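Please read the structure below before turning to the comments.
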Amino acid sequence: MVRLNQAIIIASSQHRRQSLAALLRSMPEFNEIYEMESLEQICLDLPENPNLIVFDCWPGENISQETITLVKDSFQNARLLALIRQNNDLMPKLDVDLILTEGFTANFFYDSVRQLITSHP
C-alpha cells in the first residue's frame with residue numbers, strides 16, 4: 001500500500017505558494033497539501049503531522065532559523081525543505097533537511113522530495 005503524505009508550504013507570495021503546491025499535488029505520494037502565507041497561520045492541530053514542510057526563503061520572506069526551530073519543535077516527524085536564491089546569506093545558517101537553490105528542475109524537485117519522505121519513517 002502506498003503511504004500518503006501531508007505537506008505544508010509556507011510562502012507569502014500566492015503565485016509561488018500555488019506553484020509549489022501544484023508541484024506537490026502532481027506527486028501521487030501526497031494526499032493533502034496545506035498552503036500558508038506565513039508561519040503565523042500554521043495550525044498546530046492538524047489532523048496528522050505533516051511529513052514535509054517547505055519554506056520559501058526568497059527575499060522578503062520572514063523566515064529565520066528561530067522560526068524554523070519553532071516549526072521543527074512543533075512537527076518533529078516532518079522533513080524540512082528550504083528554497084532559497086543563489087548566494088543567499090541564510091543558506092549556511094538554516095538547520096533544515098535539504099536546501100534547494102533557485103534554478104532547480106521539476107524532476108530534481110520531485111526526486112529530492114521523494115528522497116526526503118522515504119528516508120524518514
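In this text the structure is predicted, and so the values were computed from the model without any measurement. In this chain, residues are counted from 1 in sequence order.
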Tell me, do [X] and [Y] make a side-chain contact under 4.5 Å, heavy atoms counted?
X   : Y    : answer
F75 : L80  : no
R79 : I53  : no
I84 : E102 : no
V96 : L81  : no

Check [X] against [Y] and note the closest heavy-atom contact, atom names and distance.
X   : Y   : value
A78 : P50 : CB-O, 3.3 Å
L20 : L83 : CD2-CD1, 3.3 Å
Y34 : Q6  : OH-NE2, 4.0 Å

Do S26 and Y110 have side-chain atoms, one donor and one acceptor, less than 3.5 Å apart?
yes
Can you find a side-chain donor-acceptor pair between S12 and R17 that sits under 3.5 Å?
no
Roughly how far, to the nearest 0.5 Å, is [atom2] of [Y] from [atom1] of [X]?
X   : Y    : atom1 : atom2 : result
F55 : I68  : CZ    : CD1   : 5.0 Å
L52 : I9   : CG    : CD1   : 8.0 Å
L24 : S19  : CG    : OG    : 11.0 Å
N51 : F30  : CG    : CZ    : 6.5 Å
M36 : D56  : CE    : CG    : 14.5 Å
D97 : I117 : CG    : CD1   : 12.5 Å

Would you indicate whether F104, at its atom CZ, is surrounded by more than 12 heavy atoms from other residues, nucleotides or ligands within a distance under 6.0 Å?
yes
Taking only Lys NZ, Arg NE, NH1 and NH2, and the carboxylate oxygens of Asp or Glu, determine whether E35 and R25 approach each other closer than 4.0 Å.
yes
Which salt bridge (charged side-chain N to carboxylate O under 4.0 Å, His left out) pairs, counting each pair once, include a residue from residues 105-116, with sequence neighbours left out?
E29-R114
